[in-house]
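For reference, the structure is listed below as structure tokens.
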Number of protein chains: 2
Amino acid sequence: MTNNIKVLRAIKNISQEDLAKKIQVSRQTINAMEKGKYVPSTVLALKLAMFFETPVESIFTLESDD
Amino acid sequence: MTNNIKVLRAIKNISQEDLAKKIQVSRQTINAMEKGKYVPSTVLALKLAMFFETPVESIFTLESDD
DNA sequence: TTCAAATGTAAAGTTTATTTTACATATTGA
DNA sequence: TCAATATGTAAAATAAACTTTACATTTGAA
């Protein structure tokens with residue numbers, strides 16, 4: 001699975017740290033997520049979708065190996 | 001977070017076991033998810049959304065304590 | 001250039017998702 | 001009723017998410 005959190009963050013001009021605070025996770029969680037180091041929970045995905053005002057499907061994309 | 005997988009499953013008339021096979025998880029994962037026993041991964045949410053041909057947001061709903 | 005803010009990363013620890021096995025109960029059709 | 005299928009659940013084990021701390025590197029503005 002891939003995501004475009006980094007781009008969405010750039011559009012909203014918000015740092016990893018501030019985003020982390022907004023959705024109540026650690027900064028490292030945001031960083032690791034952007035780097036594709038792990039698959040976030042659905043709660044996290046929904047919170048990001050709410051924050052960025054966009055569907056979950058426009059943030060996260062399944063890949064063939066998922 | 002809540003979900004309406006049970007309803008969607010009823011509409012499509014598919015058993016927990018068959019759904020589990022379709023999205024490649026164990027039947028217990030489907031059962032526990034329906035029962036709200038844990039929060040699935042985003043990969044799982046996206047697979048369910050694809051299978052049920054509906055947005056992730058229409059399957060899962062954040063609650064105040066999320 | 002210099003300082004501060006932002007980002008990348010890593011290791012250790014905790015919590016939680018998911019699997020496997022197993023069994024009990026419920027439901028439904030013949 | 002009987003048998004098959006579906007569902008609920010539980011315990012133990014494993015994998016993975018997420019946190020905390022800590023430090024190094026990058027970037028951008030003054």
Side-chain angles (χ1 to χ4, degrees):
Chain A
M1 198 187 60
T2 61
N3 70 75
N4 44 28
I5 296 166
K6 190 167 187 172
V7 171
L8 292 168
R9 207 163 50 69
I11 293 170
K12 283 231 174 189
N13 193 32
I14 186 177
S15 70
Q16 291 182 346
E17 184 158 19
D18 285 346
L19 176 57
K21 279 175 188 159
K22 283 279 185 185
I23 63 180
Q24 304 177 82
V25 290
S26 70
R27 180 180 64 83
Q28 284 74 358
T29 293
I30 300 293
N31 188 283
M33 218 167 40
E34 283 189 9
K35 290 286 175 178
K37 290 197 179 163
Y38 64 71
V39 174
S41 74
T42 299
V43 165
L44 200 33
L46 288 172
K47 283 183 174 182
L48 288 166
M50 280 195 65
F51 179 79
F52 289 121
E53 298 174 293
T54 193
V56 169
E57 282 87 346
S58 82
I59 304 179
F60 298 94
T61 308
L62 282 179
E63 286 180 309
S64 44
D65 59 323
D66 288 324
Chain B
M1 196 188 59
T2 62
N3 70 74
N4 44 26
I5 296 166
K6 191 167 187 171
V7 172
L8 292 168
R9 208 164 48 70
I11 292 170
K12 284 230 172 188
N13 193 33
I14 185 176
S15 69
Q16 291 182 347
E17 183 157 20
D18 285 346
L19 176 57
K21 279 174 188 159
K22 283 280 185 186
I23 65 179
Q24 304 176 80
V25 290
S26 70
R27 180 179 65 84
Q28 285 74 359
T29 294
I30 301 293
N31 188 283
M33 219 168 39
E34 282 189 10
K35 291 285 175 179
K37 290 197 179 162
Y38 62 72
V39 174
S41 73
T42 299
V43 164
L44 201 32
L46 288 173
K47 283 182 174 182
L48 288 166
M50 280 193 66
F51 180 79
F52 289 120
E53 299 173 291
T54 193
V56 169
E57 283 87 348
S58 81
I59 305 179
F60 298 95
T61 308
L62 282 179
E63 285 180 310
S64 44
D65 60 323
D66 288 324

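Model, not experiment: these values are computed from the prediction. Protein chains get the first letters and strands the later ones, always in sequence-line order, with residue 1 at the start of each. Hydrogens, waters and symmetry mates are skipped; everything else that's a heavy atom, side chains included, is used.
The interatomic distance linking A/Asn13 (CG) with D/dT27 (C1') rounds to 14 Å, in whole Å. The nearest whole Å value for the distance from the CD atom in B/Glu34 to the P atom in D/dT7 is 8 Å. The CD1-C1' distance, from A/Ile5 to C/dA6, rounds to 17 Å in whole Å. The nearest whole Å value for the distance from the CG atom in A/Asp18 to the P atom in C/dA4 is 18 Å. Across the protein-nucleic acid pair, A/Leu19 atom CG and C/dG8 atom P stand 13 Å apart, rounded to whole Å. Put simply, NZ on A/Lys47 is 10 Å from P on D/dC18, counting in whole angstrom units. Distance CG (A/Leu46) to P (D/dA17): 17 Å, rounded to an integer number of Å.
With distances taken from any side-chain atom of A/Ser15 to the nucleotides C/dT7, D/dC18, C/dT9, the minimum falls on C/dT7. Considering only side-chain atoms of A/Ser41, the nucleotide from C/dG8, D/dG8, D/dC18 that sits closest is D/dC18. Distances were taken from every side-chain heavy atom of B/Arg27 (C-beta onward) to each of C/dT18, C/dG8, D/dG8; the shortest belongs to D/dG8. Listed nucleotides C/dG8, D/dA6, D/dC18 differ in distance to B/Glu17; the shortest reach to its side chain belongs to D/dA6. Residue A/Lys6 has its side chain nearest to C/dG8 when only D/dC18, D/dG8, C/dG8 are considered.
For the pair B/Lys35 and D/dA10, the criterion of a side-chain N or O lying under 4.0 Å from OP1 or OP2 is not met. Look at A/Ser26 and you'll find a side-chain N or O under 4.0 angstrom from OP1 or OP2 of D/dT19. Applying the 4.0 Å criterion to OP1 and OP2 of C/dG8, one finds that A/Asn31 has a side-chain N or O inside that range. Between A/Thr29 and D/dA17, a side-chain N or O to OP1/OP2 separation shorter than 4.0 Å is absent.
Using a 4.5 Å cut-off on side-chain heavy atoms (C-beta onward), B/Leu19 and B/Phe52 make contact.
By the neighbour-count criterion of 12 heavy atoms within 6.0 Å, atom NZ of B/Lys12 is densely surrounded, having more than that number from other residues, nucleotides or ligands.
B/Ser41 contributes no side-chain N or O that, together with a main-chain N or O of A/Ser41, makes up a donor-acceptor pair within less than 3.5 Å. The backbone N or O of A/Met33 lies less than 3.5 Å from a partner atom in the side chain of A/Asn3, making a donor-acceptor pair. Side-chain atoms of A/Glu57 never come within 3.5 Å of backbone atoms of B/Pro55 as a donor-acceptor pair (strictly under, hydrogens ignored).
For A/Gln28 and D/dT21, a side-chain-to-base donor-acceptor distance below 3.5 Å is present, hydrogens and geometry of angles not being considered.
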